[in-house]
Protein chains: 2
Amino acid sequence: MIRDVLDRVGDKWSLLVVATLDGDTMRFSELLRHIPGISQRMLTLTLRQLERDGLVTRTAFAEVPPRVEYALTALGRTFVDIAHTIARWAITNHPTIEESRAAYDAR
Amino acid sequence: MIRDVLDRVGDKWSLLVVATLDGDTMRFSELLRHIPGISQRMLTLTLRQLERDGLVTRTAFAEVPPRVEYALTALGRTFVDIAHTIARWAITNHPTIEESRAAYDAR
DNA sequence: CCGTATCCCGAATGATACTG
DNA sequence: CAGTATCATTCGGGATACGG
């Protein structure tokens, strides 16, 4: 069950998508532009997962050309908090980790 | 750089090893027994990474038969805090996520 | 006891082309 | 525009066997 969450935290794109969505709602193509390196395919798959888990809402407008907007849910926003916690830890301890790695690799 | 941390958080065994090591120091074979499903190979690889990143210390005793003890560093213990944060979130929101999935799959 | 070395398979991801 | 389909590739990780 915690694995479940970790699989989402740990996968390559979920956290990035959620973080990018933090604050404002965005269209598919906007997300594609704002997340460097993500493929159309992976953006679709990631958004579907996040939607299924209730972290993101998907709103399609019946227009031509099509428009689809994505936004965080309340749950999604609490998930962002987790992300921030991890990010803070990463930033704080990155120097220490790098030192440790350098020392280890020196052997 | 945050990816770095997430790769550790997200991989299959690191968090489990760190959590198991929380509190007391343990031998290799003890870890193997306490973590169901982990292979010797993955335990070794995971411990090496954690050691390299400075989250775990490895102490080998020159005895026969060999004895090797693993323990968390101070940094490793702060990492456990992150794990707890994630675990709390998982436990709190698991029901909501399950509901959301069920609703999604119903379509 | 504590690993390392190989082989291997399936899942995850990327690239590319096509469509409502 | 916002996807889906398909193919090719990479890679994490399991099984197994061997070694200091």
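For the numbers below, each heavy atom of this structure counts, side chains included, while hydrogens, waters and symmetry mates do not. Chain letters run A, B, ... following the sequence lines, proteins first and then strands; every chain starts at 1. Just so it is clear, the model here is predicted, and its values are computed rather than measured.
- Following rounding to the nearest Å, A/D7 (CG) and D/dG12 (P) show an atom-to-atom distance of 15 Å.
- Nearest heavy atom pair, residue A/T20 against residue A/M26, reads O-SD, 3.7 Å.
- Taking atom CE on A/M42 and atom C1' on D/dT9, their separation rounds to 14 Å, with Å as the unit.
- When each of A/K12 and B/R27 is assigned the nucleotide of DNA chain C with its nearest heavy atom, B/R27 is the one assigned upstream, toward the 5' end.
- For the pair A/R33 and D/dC1, the criterion of a side-chain N or O lying under 4.0 Å from OP1 or OP2 is not met.
- For the pair A/I35 CD1 and D/dA2 P, the interatomic distance rounds to 14 Å; values are reported in whole Å.
- In this structure, B/Q40 places its CD atom 15 Å from C1' of D/dG13, rounding to the nearest Å.
- A straight line from CE of A/M26 to C1' of D/dA2 spans 15 Å, rounded to a whole angstrom.
- Each of A/P66 and B/R41 lies near DNA chain D, and the nucleotide nearest A/P66 is the one positioned closer to the 5' end.
- When the C1' atom of D/dG12 is taken as reference, atom CG of A/L6 falls 16 Å away, rounded to whole Å.
- Under the 4.0 Å criterion applied to side-chain N and carboxylate O atoms, A/R48 and A/D53 are not assigned as salt-bridge partners.
- Formation of a donor-acceptor pair under 3.5 Å by the B/T46 side chain with backbone atoms of B/M42 is found in this model.
- Summarising the geometry of B/V18 relative to B/G76, their closest heavy-atom pair is CG1-O, 4.1 Å, with the distance given to 0.1 Å.
- The heavy-atom pair separating B/F28 from B/L43 by the smallest distance is O-CD2, 3.6 Å.
- Within 4.0 Å of B/E63, counting heavy atoms only, lies no atom of the nucleic acid at all.
- The local environment of NE2 in B/H94 is crowded, with over 12 non-hydrogen atoms from other residues, nucleotides or ligands closer than 6.0 Å.
- For the pair A/I38 CD1 and D/dA2 C1', the interatomic distance rounds to 14 Å; values are reported in whole Å.
- Atom C1' of nucleotide D/dT4 and atom CG of A/L43 are separated by 14 Å, given to the nearest angstrom.
- When heavy atoms are screened at a 4.0 angstrom cut-off, A/F61 is found touching no nucleic acid atom at all.
- Not one N or O on the side chain of A/T25 forms a donor-acceptor pair closer than 3.5 Å with the backbone of A/A71.
- Within the 4.0 Å cut-off from OP1 or OP2 of D/dA2, at least one side-chain nitrogen or oxygen of A/S29 is found.
- Bounding nucleotides for the chain B contact on DNA chain C, 5' to 3', at a heavy-atom distance below 4.0 Å, are C/dC1 to C/dT6.
- Which of D/dG14, D/dC1, D/dA2 sits closest to the side chain of A/F28 comes down to D/dA2.
- Nearer the 5' end of DNA chain C, as judged by each residue's closest nucleotide, is the contact made by B/T44, out of A/W13 and B/T44.
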